[in-house]
Amino acid sequence: KLGNETLKKELGRASWRLMHTMMARFPEKPTPDDSLALQTYIKLFARLYPCGECAAHFQTLLEKYPPQTSSRNAAAGWACFVHNEVNTRLKKELFDCNKIGDFYDCGCGDGDGKGGH
Ligand code: FAD
């Protein structure tokens, strides 16, 4: 039981990190195709998330708070907000979304996320 909870938490931390880091690298001025790609990604992420209970809750959250994909700031702010909604349900501390700016660094060593391949 304890082992399962530990794994679920590790999965959660890894997933949130990926999600927030993607938002921090999302274009400041996305094309309609960029926005659609992020919308689709989030919807499929919520559907396929391996913890079934978590996925069900998160899909309900997405219906209430549809993903914001019009800009990097909008997307990062939205992800921070929904993560806080999950934090509230799990009785965790809330994150100050004004401080999201430089918190998630991908370590890619480039400025805009387009290069470095
Ligand atoms: P996490 O919540 O994993 O956060 C990791 C780090 O991110 C924190 O230490 C902090 O530095 C930073 N952070 C915290 N809040 C924010 C924020 N709002 N914005 C940006 N950064 C932030 N677990 C369950 O038991 N039941 C569930 O129903 C459930 N649903 C989940 C749904 C999704 C979509 C995901 C990704 C995870 C879910 N989890 C669920 C896992 C849970 O959210 C945590 O990831 C896990 O409990 C580990 O928590 P943690 O305290 O280490 O911090």
Side-chain angles (χ1 to χ4, degrees):
K1 182 94 217 302
L2 189 74
N4 288 343
E5 284 302 311
T6 303
L7 290 172
K8 184 157 84 171
K9 284 182 180 168
E10 276 181 15
L11 177 67
R13 279 190 285 270
S15 301
W16 285 123
R17 184 176 184 87
L18 174 61
M19 163 94 81
H20 294 302
T21 307
M22 282 179 68
M23 299 312 183
R25 305 281 292 193
F26 189 65
E28 282 171 28
K29 293 186 174 149
T31 64
D33 186 55
D34 290 330
S35 292
L36 178 63
L38 185 56
Q39 295 263 354
T40 307
Y41 179 89
I42 293 167
K43 206 182 279 179
L44 292 175
F45 168 87
R47 177 170 154 188
L48 299 172
Y49 192 75
C51 156
E53 168 213 357
C54 311
H57 280 296
F58 198 61
Q59 283 176 285
T60 305
L61 259 185
L62 290 196
E63 276 171 35
K64 202 166 168 194
Y65 305 109
Q68 303 296 305
T69 61
S70 61
S71 70
R72 176 183 298 174
N73 268 346
W78 172 85
C80 189
F81 175 82
V82 291
H83 189 170
N84 272 339
E85 289 289 304
V86 175
N87 289 342
T88 299
R89 189 164 55 77
L90 300 178
K91 299 186 167 59
K92 290 176 190 285
E93 256 182 58
L94 299 189
F95 189 92
D96 180 354
C97 292
N98 293 313
K99 297 194 172 131
I100 198 102
D102 294 327
F103 197 79
Y104 290 96
D105 185 343
C106 75
C108 311
D110 57 346
D112 64 2
K114 304 281 187 209
H117 299 293

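Note that the numbering runs from 1 along the sequence shown for the chain. Here the structure is a predicted model, which is why all the values come from computation and not from measurement. Order of listing sets the numbers, starting from 1, for every ligand and every atom in it.
Looking from atom 39 (N) of ligand 1 to the surrounding protein, the closest heavy atom is Cys54 SG, 4.1 Å. Among protein heavy atoms, the minimum distance from atom 49 (O) of ligand 1 is reached at Lys92 NZ, 3.2 Å. Atom 28 (O) of ligand 1 has its closest protein heavy atom at Arg89 NH2, 2.9 Å. Distance from atom 42 (C) of ligand 1 to its nearest protein heavy atom, with residue and atom name: Leu90 CD1, 3.6 Å. Summary of contacts: the protein heavy atom closest to atom 52 (O) of ligand 1 is Arg13 NH1, 2.6 Å. Looking only at heavy atoms of the protein, atom 14 (C) of ligand 1 is closest to His83 CE1, 3.6 Å. Taking atom 7 (O) of ligand 1 as the reference point, the nearest protein heavy-atom neighbour is Tyr104 OH, 3.2 Å. Atom 33 (C) of ligand 1 has as its closest protein heavy atom Trp16 CZ2, 3.7 Å.
Of all the heavy atoms of His20, the ones lying under 4.0 Å from any atom of ligand 1 belong exclusively to the side chain. With a 4.0 Å heavy-atom cut-off, ligand 1 is reached by the side chain of Ile100 but not by its N, CA, C or O. Only the side chain of Val86 comes within contact range of ligand 1, with a heavy atom under 4.0 Å; no backbone atom does.
The protein reaches atom 19 (N) of ligand 1 closely, with a heavy atom under 4.0 angstrom from it.
Nearest to atom 22 (C) of ligand 1 by heavy atom, out of Tyr49, Phe95, Phe103, is Phe95.
By the criterion of side-chain heavy atoms lying less than 4.5 angstrom apart, applied directly or through intervening Ile, Leu, Val, Met, Phe, Trp or Tyr residues, Ile100 is not grouped with Trp16; the two fall into different hydrophobic clusters. Hydrophobic clustering (side-chain heavy atoms under 4.5 Å, transitive across Ile, Leu, Val, Met, Phe, Trp, Tyr) keeps Val86 apart from Leu7. Both Met22 and Leu61 belong to a single network of hydrophobic side chains, linked directly or stepwise wherever heavy atoms of I, L, V, M, F, W or Y lie under 4.5 Å apart. A continuous path of Ile, Leu, Val, Met, Phe, Trp and Tyr side chains, each step under 4.5 Å between heavy atoms, connects Phe58 with Phe81, placing both in one hydrophobic cluster. In the hydrophobic clustering of this structure, Met19 does not group with Phe95; members are Ile, Leu, Val, Met, Phe, Trp, Tyr whose side-chain heavy atoms approach within less than 4.5 Å, directly or through other members.
The two atoms that bring Tyr49 and Ala55 nearest to each other are O-CB, 3.7 Å, heavy atoms only. Nearest heavy-atom pair, Gln68 versus Pro66, reported as atom, atom and distance to 0.1 Å: NE2-O, 2.9 Å. When all heavy atoms are compared, the tightest approach of Asn87 to Glu93 is ND2-O, 3.4 Å.
Residue-ligand proximity, Cys80 to ligand 1, at heavy-atom distances under 4.0 Å covers atoms 17 (C), 18 (N), 19 (N). Below 4.0 Å from some heavy atom of Lys8 lie the following atoms of ligand 1, by number and element: 24 (C), 25 (O).
Ring geometry for His83 against His20 counts as parallel: the plane angle stays under 30°, on a 0 to 90° scale with 60° as the upper cut.
Judged by distance alone, with hydrogens and angles left aside, the side-chain atoms of Ser35 form a donor-acceptor pair with the main-chain N or O of Thr69 at under 3.5 Å.
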